[in-house]
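For reference, the structure is listed below as structure tokens.
Everything numeric in this text was worked out from a predicted model, so none of it was measured.
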Amino acid sequence: MSTVEKSGTFKLGDRTVKRLGYGAMQLAGKGVFGPPRDRNEAIAVLREAVESGIDHIDTSDFYGPFVTNEIIREALHPYRDDLVIVTKVGALRGADASWNPAFSKEELTAAIHSNLKNLGLDVIEVVNLRAMFDVHGPAEGSLEAPLTALAELQRQGLIKHIGLSNVTAKQVDDGRKITDIVCVQNQYNLANREDDALIDKLADEGTAYVPFFPLGGFSPLQSSTLSDVATRLSATPLQVALAWLLKRAPNILLIPGTSSRGHLRENLAVADIELRDDVMAELNGIAAA
């Protein structure tokens, strides 16, 4: 059994994927804007990820913009039959690298066609609608119009499944009145536990939850407890943080990103880390500290 296989599997749409995937955001330049410092290494990372058994890649045309999708296509097209590519729509990048809402039917339609073109696909397996009522976190607001637009593109055969990103529990419930929601992608990690109840609810319903910034994102996790546990396990703090997510709930799919093969191997090794219940309890205390 490979390391990636040890992470287990979960359903994503009508596909079953390994719970340890790969997020492509860091393949773009600084600030997720412009080209990477080393394009050849970015291509090598993607190829090694797939060769290592990863079958779930998360991306978006607004990473770069367009950069990560173009690199994915160059590195991996034609794609393996077992590879699931998930993308996001709902935002556009400004010339100043700003993140701006792009919710209209016309903008979403253009985004889907752009993702298809840059990835070299005829249909996208899963498209997450990224709510932009607040760039920094979930905020209430109606997703009826953009979800209705995506559902129409789904009926046209351009999208297989729809998910939500940066959303509240209410938006998930409301969204399900319009279309099936196969996954939710929100910020969640050892220190940011606001989605605890939502994760458990989705697990009961058989819906995948995909934490972004599982390692803290632009504010990396820093905790003496985390460092102490990592030292005892001969692991890095970030490896322990990922291993905690794998054990936290069976419906969590991990998409840690990196632009280096060395870091990729460190991320993949988390499936070999065993966290006992007493260690989990110790780590669970970080959010309350």
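Dense packing is recorded around NE2 of H77, with more than 12 heavy atoms of other residues, nucleotides or ligands lying under 6.0 Å away. Summarising the local packing, CG of D14 is surrounded by more than 12 heavy atoms from other residues, nucleotides or ligands at distances under 6.0 Å. The environment of E144 atom CD is sparse: at most 12 non-hydrogen atoms of other residues, nucleotides or ligands sit within 6.0 angstrom.
What you find for G21 and P256 is that their closest heavy atoms are O-CD, 3.7 Å. Looking at every heavy atom in both residues, A271 comes nearest to S7 through CB-N, 3.9 Å. P250 and R19 get closest at one heavy-atom pair: O-NE, 3.3 Å. Minimum interatomic distance between A203 and N251 (heavy atoms only, all atoms of both residues): N-ND2, 3.2 Å. Considering all non-hydrogen atoms of both residues, S259 and Q26 come closest at CB-O, 3.6 Å. The shortest non-hydrogen separation linking A131 to V167 is CB-CG1, 3.9 Å.
Linking Ile, Leu, Val, Met, Phe, Trp and Tyr residues whenever their side-chain heavy atoms come within less than 4.5 Å places Y63 and I112 in a single cluster. Hydrophobic clustering of Ile, Leu, Val, Met, Phe, Trp and Tyr side chains at less than 4.5 Å, counting indirect connections, keeps L164 apart from V17. Cluster membership check: L121 shares its hydrophobic cluster with I159, using side-chain heavy-atom separations under 4.5 Å among Ile, Leu, Val, Met, Phe, Trp and Tyr. The hydrophobic clustering, which links ILVMFWY residues whose side-chain heavy atoms are closer than 4.5 Å, places M25 and F66 apart. Under a hydrophobic clustering in which Ile, Leu, Val, Met, Phe, Trp and Tyr are joined whenever their side-chain heavy atoms come within less than 4.5 Å, directly or via other members, L254 and V84 fall into different clusters.
Here the rule is side-chain contact (heavy atoms from CB on, under 4.5 Å) with R176, and of V172, I178, D180, D174 only V172 fits it. Partner T59 forms a side-chain contact (heavy atoms from CB on, under 4.5 Å) with one of V67, I255, T68 and no other, that one being T68.
Taking the six-membered ring for Trp and the full ring otherwise, the centers of Y209 and F10 sit at least 6.0 Å from each other.
Within the 4.5 Å cutoff, the side chain of L12 has heavy atoms near those of the V86 side chain. For the pair L242 and L20, the minimum side-chain heavy-atom distance is 4.5 Å or more. Side-chain contact between D278 and E282 is absent, with no heavy-atom pair separated by less than 4.5 Å. The shortest distance between side-chain heavy atoms of V4 and L268 falls below 4.5 Å. Using a 4.5 Å heavy-atom threshold, the side chains of P36 and I71 count as touching. At a threshold of 4.5 Å between non-hydrogen side-chain atoms, the residues R93 and V32 count as touching. Contact annotation: the side chain of V50 never approaches that of Y22 to less than 4.5 Å [non-hydrogen atoms, C-beta and beyond]. No side-chain heavy atom of T179 sits under 4.5 Å from any side-chain heavy atom of L150.
Salt bridge status for D82 with R15: absent, with no side-chain N to carboxylate O gap under 4.0 Å. Between D195 and K201 there is no salt bridge, since none of the side-chain N atoms of the basic residue sits less than 4.0 Å from a carboxylate O of the acidic one. By the 4.0 Å N-to-carboxylate-O rule, R155 lies close enough to E152 to be salt-bridged with it.
Identified under the salt bridge (charged side-chain N to carboxylate O under 4.0 Å, His left out) test for residues 27-44, with sequence neighbours left out: R39-E74, E41-R261.
Between the side chain of R248 and the backbone N or O of L190, no donor-acceptor pair lies under 3.5 Å. Formation of a donor-acceptor pair under 3.5 Å by the K160 side chain with backbone atoms of G13 is not found in this model.
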Worksheet entry | Worked verdict on F133 versus N166 for side-chain contact (heavy atoms from CB on, under 4.5 Å) | CA-CA 9 Å; F133 299 110; N166 198 43; over 6 Å; no

Discussion item. Between D277 and K247, does the salt bridge (charged side-chain N to carboxylate O under 4.0 Å, His left out) criterion hold? Intermediate values first, please.
Written reply: CA-CA 10 Å; D277 290 343; K247 190 161 183 178; 3.6 Å; yes

Worksheet item: Should T16 and T9 be marked as a side-chain hydrogen bond (donor to acceptor under 3.5 Å, both in side chains) after you check the CA-CA gap, both sets of side-chain angles, and the distance that decides it?
Response: CA-CA 6 Å; T16 297; T9 61; 5.8 Å; no

Worksheet item: Could you go step by step and tell me if L283 and L226 meet the side-chain contact (heavy atoms from CB on, under 4.5 Å) rule?
Response: CA-CA 7 Å; L283 293 171; L226 180 60; 4.1 Å; yes

Discussion item. Could you walk me through whether W244 and N189 satisfy the side-chain hydrogen bond (donor to acceptor under 3.5 Å, both in side chains) test, starting with their C-alpha distance in whole Å, then the side-chain angles of each, then the deciding distance to 0.1 Å, before giving a yes or no?
Written reply: CA-CA 9 Å; W244 176 84; N189 53 55; over 6 Å; no

Fill in: Trace of the side-chain contact (heavy atoms from CB on, under 4.5 Å) decision for N128 with D58
CA-CA 10 Å; N128 287 322; D58 181 88; 4.2 Å; yes

Fill in: Verdict with supporting geometry, E205 and L202, side-chain contact (heavy atoms from CB on, under 4.5 Å)
CA-CA 5 Å; E205 297 166 347; L202 294 173; 3.8 Å; yes

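Annotation: the span from Y188 atom OH to L198 atom CG amounts to 10.0 Å, rounded to 0.5 Å. To the nearest 0.5 Å, atoms CD1 (I124) and CG (N115) are separated by 4.5 Å. The OG atom of S114 sits 12.5 Å away from the CD atom of E107 when rounded to the nearest 0.5 Å. Atom-to-atom distance recorded for Q154:CD and L147:CG is 10.0 Å, nearest 0.5 angstrom. Here the CG atom belonging to N118 is positioned 6.0 Å from the CG atom belonging to N69, to the nearest 0.5 angstrom. One finds the CZ atom of R130 at 8.5 Å from the CD atom of Q185 (value rounded to the nearest 0.5 Å).
The side-chain hydrogen bond (donor to acceptor under 3.5 Å, both in side chains) test applied to T168 returns E140, Q171, not counting sequence neighbours.
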